[in-house]
Amino acid sequence: MILELEGLAAGYGAKTVISDLSFAVAEGEILALLGHNGAGKTTTLKTAMGLIAPRAGLVRFAGVPLARVPVAERVARGLRLLPEGRGIFPDLTVAENIDVVAARLAAGGAMFTPEALYRLLPVLAERRTTRAGSMSGGQQQMLAFALAILGTPRCLLLDEPSIGLAPNLVERLFAQVRDVCRAHGVAVVLVEQNVAAALALADRVAIMNSGKLVFDGTPEAARASNLWEHF
Amino acid sequence: MSAYLEIAGVNHSFGGLQALNDCGFAIAEGGIACLVGPNGAGKTTIFNVITGFLRPDTGHVAFRGRPLDGLTPQAIVRAGIARSFQNLRLFADLTACDNVMLALPERAGETPFGALFRPFATARADRRRRGDALQLLDHVGLAARAADRVRNLSYGEQKLLTIARLLATGAELLLLDEPASGLASGALDQVMALLRRLRGEGKTLLVVEHNTRVVQQIADEVLFLHQGHLLAQGSPAQIIADPALAEIYFGGAL
Amino acid sequence: MDYLYSYLILAEIYVLLGLSTNLLVGVVGIFSVSQAAVFGVGAYIVGDCLLSGTLSFLPALALAAVACVLLNVLISLPSLRVSGDYFVVTSFGIQLLATATFTNWTWGTGGANGMPGVPPPDLFGASIESTRGILALTTMAMTLGCLAFWLILRAPFGRKLRAIREDELAVAAAGKGVLGAKVSAAAMAGAFAGVAGGLYATYLSFIDPSSFDLDASILLLTMVVVGGARTLWGSILGPFLLLALPQALTLLAIPTTYAATSRQLLYGGLLIAFALFRPQGLLGERL
Ligand SMILES: Nc1ncnc2c1ncn2[C@@H]1O[C@H](COP(=O)(O)OP(=O)(O)OP(=O)(O)O)[C@@H](O)[C@H]1O
Ligand SMILES: Nc1ncnc2c1ncn2[C@@H]1O[C@H](COP(=O)(O)OP(=O)(O)OP(=O)(O)O)[C@@H](O)[C@H]1O
Ligand SMILES: [Mg+2]
Ligand SMILES: [Mg+2]
């Protein structure tokens, strides 16, 4: 198991949003993390990433507890987050966005170099010199995805990557996620509201309801279950 | 008779990039029209043109036969057209309720004079507006979050709030930029029901949406935009049946 | 006792200035670093009117308020066009320009030597000589200012101003005018500063450019940061606290030669500490 959450609890101010949350994802596995709006999916990813301090429980990455590991170090070790609502630098050009991240994370021998990404996502190659913030919503989302996988990711936390993408791109994006995962053994935690697409892609499904994990199993079992009323 | 909303010959380029290319279409009153097309097709840009946020290089927009050229966004809302933003643009430090109240049509107390010299009348009017706002929040299932600051809401909750804020303007033509993405299926059904109910109440909706299931369920008419130009307009079934459009929208081609 | 009165009077005058700065910078987000210049214009106008005997106190104060309304609207105008960061630069220039004028326009301001002998305020023919009388006057002015600030903040107009600070475009998309609201807020902030200036000139009876320079403007911003943005209580607490601190320093028996430096050090340190560790100030929100 590359990423393990054990009895995790987290929240904001006086409010506890997730509690007693445990799940794990293995190398080369895609885990779809589903749940209603406000269930705590984003909070879970942010806590795993170290952006929110857990109130209880622990996060382990490649067997090592992360409690004292700062965010930058987690990123360097290969734990990567595609944040909700686009993590890009809007005032930099597309190429600058990629170079800024590449400078730290994509040294020689990286799994995804800038060139590899431009080949993977030709839209970005065309827009190299465009100011990122002036691109359309969907184009910005593609760039955000590129920044998340740049370098050598070992576990990708993707927070609603399909938002704003036209159907053709959603398909391509998910195909790429699958390739990245299968070919390179990268683990993926995929938060999605596009449930059908997520189930089709995932090896395992975890469902959250009001901060608690209520299901962890195969997509088939998830489809057959009566859990969908949670949404 | 002239169309309800009519866009004719709109061109706009950003630097060397032609975002809108002789874009023209008309929509009728009282239906739900969905604007679809690949990423970067110019959907958000045409919204910006209609609502006065962007002055096109050439072309015209007319609403109920009246040209909107050169009007400010504020004047266009007054004329009856309001829009939501793809990137939400909520007031993160205000409460959900204040976000909605802000968009309710102007009344006394929104001027400094009302605030200073008629404080009681202002407070009374504001209480009434709070009631209206709460009702709108209830329509989108956010009544319980009224007093929460927007930055403390989840993405889906914020998305719902943009719809409530849009409705608060009271505009008769509503332009929604991707209202459904990020919503869980329960909330999505609720929003679709709300959009249909708005149509029933006589509003006209122009909706940008990538979720084909949503488009099929709510659209009376679909407009297909590609490279800044309107390629096709027709019923959802007609558009989906067109293999050329399907290739652009669903195929690998980019 | 006089010592306490003097502290209270100055603090109350600074509360008016704090309200002015908070309204402009905290609420609407027009990041002005030239509020002390407006304060100065109010002070010199009242000083000149009373010294020359052209107007009595209240009309002079009204004239100062009107002039500062116009001035503040005028210098806030660039903020309607240029984005936030650039406005700071514009505003910085305005402050320098004002200081240069105050220092060199000897005929109107007495120049660097200052303007001595400003008569005490008078109300309806009766001159207010006692410190207590002036305290009553400043307390009244401060109370009115606080009331106005509170009424504005709780009204829909206040909500609109806060929204403008966050996203002007979204305010426009909600069908609300941005320009008028910004101008009204700048006007109110100008009136507060003008009245504060008039009270200051008549209370101290001597004014010189050093009270209205860039340091003074930064002190006003520090008051907003320490007290907290966008709340009435923050705008009151900031000035009272920051004016009390140098007094506390004098209790430490620091030689007077160091007093000015140590005050700057203290204010600078506070500004940094709050920005880093308590950006929402003591009783308010993040600037
Ligand atoms: N900064 C915050 N402060 C306080 N409460 C918050 C904050 N962020 C989120 N919340 C609340 O915590 C709960 C979980 O939020 P979270 O963003 O994790 O949900 P989510 O499952 O990602 O939802 P969505 O599908 O809408 O993105 C929600 O009720 C939300 O309102
Ligand atoms: N302010 C701007 N400056 C420069 N180019 C822009 C600007 N706004 C939009 N564009 C370009 O215009 C084209 C159309 O963008 P628009 O945002 O209208 O697309 P869209 O159809 O809304 O796409 P999406 O579905 O991804 O939101 C894009 O190629 C985009 O890069
Ligand atoms: Mg989320
Ligand atoms: Mg768009």
Side-chain angles (χ1 to χ4, degrees), chain B residues 47-48 51-53 72-85 87-95 97-123 125-126 129-130 149-151 162 165-166 168-171 175, chain C residues 19 23-24 26-29 69 73 80 144-192 228-232 279-280 284-287:
Chain B
F47 270 23
N48 287 337
T51 50
F53 284 93
T72 61
Q74 187 196 355
I76 289 173
V77 176
R78 293 233 180 88
I81 308 178
R83 58 91 59 92
S84 70
F85 293 95
N87 54 354
L88 312 191
R89 302 199 85 126
L90 290 164
F91 308 112
D93 275 341
L94 302 189
T95 64
C97 190
D98 277 347
N99 266 269
V100 177
M101 288 174 80
L102 184 103
L104 288 167
E106 202 122 352
R107 280 199 220 129
E110 210 149 279
T111 63
F113 289 99
L116 288 176
F117 302 114
R118 305 189 61 219
F120 296 108
T122 302
D126 211 40
R129 289 156 67 94
R130 189 163 296 270
R149 281 185 195 233
V150 168
R151 68 167 72 262
T162 60
R165 186 175 72 174
L166 176 65
T169 59
L175 311 184
Chain C
L19 291 173
L23 190 62
L24 208 59
V27 179
V28 204
V69 163
V73 168
L80 309 174
L144 281 178
C146 288
L147 183 69
F149 187 81
W150 181 72
L151 285 175
I152 288 286
L153 271 201
R154 69 194 283 275
F157 179 64
R159 178 160 49 228
K160 183 154 91 178
L161 294 180
R162 290 160 182 263
I164 286 173
R165 182 183 71 90
E166 290 200 48
D167 191 339
E168 287 185 25
L169 234 57
V171 174
K176 299 298 159 79
V178 171
L179 196 92
K182 276 181 134 177
V183 169
S184 312
M188 274 192 65
F192 284 7
R230 292 187 286 292
T231 60
L232 176 61
Q280 73 274 40
E285 299 174 15
R286 170 189 284 272
L287 195 64

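We use all heavy atoms of the structure for the numbers below, so side chains are in, but hydrogens, waters and symmetry mates are not.
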Heavy-atom closest contact (B:P112 atom, C:F157 atom, distance): CD-CE1, 3.7 Å
Approximate separation, where rounding is to 0.5 Å, of C:E168 CD and B:R89 CZ: 10.0 Å
Chain C contact via B:A168 - which portion, at a heavy-atom distance below 4.5 Å: neither
Heavy-atom side-chain proximity of C:L151 to B:F117 below 4.5 angstrom: no
Chain B contacts, top residue of C:R230, C:R165, C:R154, C:K176 (heavy-atom pairs, under 4.5 Å): C:K176
Most contacts with chain B, counted as non-hydrogen pairs under 4.5 angstrom, among C:A181, C:S184, C:A173: C:A173
Part of B:L104 lying under 4.5 Å from any heavy atom of chain C: backbone
Region of B:F53 in contact with chain C, defined by heavy-atom distances below 4.5 Å: side chain
C:R286, part contacting chain B, at a heavy-atom distance under 4.5 Å: neither
Distance in Å, B:L94 CG paired with C:K160 NZ, rounded so as to fall on 0.5 Å steps: 13.5 Å
Heavy-atom side-chain proximity of B:D98 to C:R162 below 4.5 angstrom: no
Among B:L90, B:L102, B:N99, residue most engaged with chain C (heavy-atom pairs, under 4.5 Å): B:L102
B:T122 OG1 to C:I152 CD1 distance, which is reported to the nearest 0.5 Å: 9.5 Å
Nearest-0.5 Å distance, CZ of residue C:R159 to CZ of residue B:R129: 6.0 Å
Region of C:L161 in contact with chain B, defined by heavy-atom distances below 4.5 Å: neither
Portion of B:T51 that has a non-hydrogen atom of chain C nearer than 4.5 angstrom: neither
C:E285 bridged to B:R149 by N-O distance under 4.0 Å: yes
Smallest separation among heavy atoms of C:P156 and B:D126, with atom names: CG-OD1, 3.4 Å
